[in-house]
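Each residue takes its place number in the sequence, starting with 1.
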Amino acid sequence: MAAGLASKCSRVGRSLLGGLGNNSSGLLSTSHEMTCSTFLSQQQRTFIQMRTILKVVDNSGAKKVMCIQALKANKKGARLGDTIVASVKEAHPNGKVKKGQVVYGVVVRAAMQRGRCDGSEVKFDDNAVVLVDKQGRQPIGTRVFGPVPHELRKKKHVKILSLAEQIA
């Protein structure tokens with residue numbers, strides 16, 4: 001994805017430089033480099049979709065999972081409180097889940113903004129998930145680390161809220 005953005009920036013830079021003479025090309029190339037670097041440094045925050053890597057924030061034994069499919073979610077992908085199907089990419093050696101296992105999870109932190117009823121918006125620095133059983137209700141782990149938004153109450157994930165350290 002970064003390579004695609006870099007090629008877009010370079011095409012824009014070439015089209016800008018192509019119409020002008022050689023007199024100010026040095027000035028434009030430095031401003032072009034600054035524009036591309038700021039464009040690449042801004043992270044695009046989108047839905048949690050297929051092949052998104054998520055951090056696991058419970059003590060089920062998994063460290064990172066990759067989203068396979070978003071269940072009962074928007075056509076674009078999953079948001080806070082949605083259930084996903086994921087594959088375990090990294091796991092602790094003595095955990096309940098093993099590497100390569102297909103698991104279900106509830107998204108508890110998402111980098112994409114979500115509006116609240118009072119007009120405020122909530123967004124997190126990372127994408128995180130809590131692993132749950134096949135029915136999607138009971139967590140596999142017994143602890144949940146980090147903040148969890150209170151919007152999970154509306155999605156009927158009260159057990160996750162009760163295990164959480166912080167409710168944001």
Side-chain angles (χ1 to χ4, degrees), residues 1-12 36-116 121-161 163-168:
M1 183 172 160
L5 294 174
S7 66
K8 280 185 183 178
C9 285
S10 65
R11 273 188 259 138
V12 170
C36 284
S37 66
T38 57
F39 184 70
L40 290 174
S41 67
Q42 293 176 352
Q43 179 185 6
Q44 185 178 5
R45 299 178 185 275
T46 60
F47 289 94
I48 293 168
Q49 53 196 354
M50 192 172 14
R51 299 184 64 86
T52 301
I53 301 292
L54 297 107
K55 181 180 176 183
V56 179
V57 291
D58 62 7
N59 62 347
S60 61
K63 293 180 187 176
K64 290 188 180 183
V65 296
M66 183 178 71
C67 178
I68 296 173
Q69 184 179 11
L71 301 176
K72 300 179 191 173
N74 190 352
K75 204 173 194 181
K76 295 178 184 176
R79 296 178 81 169
L80 284 176
D82 289 338
T83 305
I84 64 168
V85 180
S87 171
V88 178
K89 291 296 173 188
E90 291 180 25
H92 291 288
N94 298 326
K96 294 178 187 174
V97 295
K98 305 296 180 202
K99 182 178 174 183
Q101 189 174 346
V102 176
V103 293
Y104 288 78
V106 174
V107 179
V108 294
R109 291 200 293 261
M112 184 178 176
Q113 291 181 350
R114 175 153 181 133
R116 288 186 167 170
E121 291 183 334
V122 61
K123 73 175 177 179
F124 295 95
D125 291 336
D126 60 346
N127 295 320
V129 70
V130 170
L131 301 185
V132 293
D133 61 356
K134 197 168 186 172
Q135 287 77 29
R137 294 285 173 224
Q138 298 298 320
I140 294 175
T142 57
R143 296 176 65 195
V144 176
F145 306 110
V148 173
H150 69 267
E151 281 87 2
L152 294 181
R153 190 176 309 277
K154 294 177 189 170
K155 301 264 186 159
K156 308 279 192 270
H157 297 294
V158 183
K159 181 71 173 173
I160 295 173
L161 284 172
L163 295 174
E165 291 177 347
Q166 297 175 297
I167 298 176

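- In terms of the salt bridge (Lys or Arg N to Asp or Glu O under 4.0 Å) criterion, residue partners of K155 (sequence neighbours excluded) are, by chain and number, D82.
- Within the 4.5 Å cutoff, the side chain of V132 has no heavy atoms near those of the I140 side chain.
- Taking every heavy atom of both residues into account, I84 and A78 meet most closely at CG2-CB, 3.7 Å.
- Other residues, nucleotides and ligands contribute at most 12 non-hydrogen atoms within 6.0 Å of the NZ atom of K64.
- Every residue was checked against the side-chain contact (heavy atoms from CB on, under 4.5 Å) condition with M50, not counting sequence neighbours, and none meets it.
- Closest approach of I68 to A86, counting heavy atoms only: CD1-C, 3.8 Å.
- Between the side chain of K98 and the backbone N or O of A91, no donor-acceptor pair lies under 3.5 Å.
- The side-chain contact (heavy atoms from CB on, under 4.5 Å) test applied to Q138 returns D133, K159, not counting sequence neighbours.
- Between V129 and V108 the shortest side-chain heavy-atom distance does not fall below 4.5 Å.
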For this session: Report the C-alpha distance between L131 and V56 in whole Å, list the side-chain angles of each, state the deciding distance to 0.1 Å, and finish with yes or no for side chain to side chain contact (heavy atoms under 4.5 Å, CB included).
Result: CA-CA 7 Å; L131 301 185; V56 179; 4.1 Å; yes

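- Rounding to the nearest 0.5 Å gives a distance of 12.5 Å between OG of S60 and CZ of R143.
- Considering only heavy atoms from C-beta on, V85 comes within 4.5 Å of Y104 through its side chain.
- Residues M66 and K89 share a closest heavy-atom pair of CE-CE, 3.7 Å.
- With contacts defined as side-chain heavy-atom distances shorter than 4.5 Å, the pair K123/M112 does not qualify.
- H157 places a side-chain N or O within donor-acceptor distance of the main-chain N or O of G81, the cut-off being under 3.5 Å.
- Across all non-hydrogen atoms, the minimal contact from I48 to L54 is CD1-CD2, 3.8 Å.
- In K156, the NZ atom is not crowded: 12 or fewer heavy atoms of neighbouring residues, nucleotides or ligands sit closer than 6.0 Å.
- When all heavy atoms of E121 and Q113 are compared, the closest pair comes out as OE1-OE1, 2.8 Å.
- Applying the side chain to side chain donor-acceptor pair (under 3.5 Å) test to K55 and every residue at least two apart in sequence or in another chain returns nothing.
- Applying the side-chain contact (heavy atoms from CB on, under 4.5 Å) test to K63 and every residue at least two apart in sequence or in another chain returns E90, H92.
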Can you give each donor-acceptor pair under 3.5 Å made by side-chain atoms of residues 144-153, sequence neighbours left out, with the distance rounded to 0.1 Å?
residue, atom, partner, partner atom, Å
H150, ND1, A168, O, 3.3
E151, OE2, R116, NE, 2.6

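- Counting only heavy atoms from C-beta outward, the side chains of L163 and T142 never approach each other to under 4.5 Å.
- With rounding to the nearest 0.5 Å, the separation of CZ in R51 from OG in S87 is 10.5 Å.
- Taking 4.0 Å as the cut-off between side-chain N and carboxylate O, D126 and R109 count as a salt-bridged pair.
- Looking at T52 and N127, their side chains never bring a donor and an acceptor atom within 3.5 Å of each other.
- Contact between G61 and V97 at its shortest, heavy atoms only, is C-CG2, 4.1 Å.
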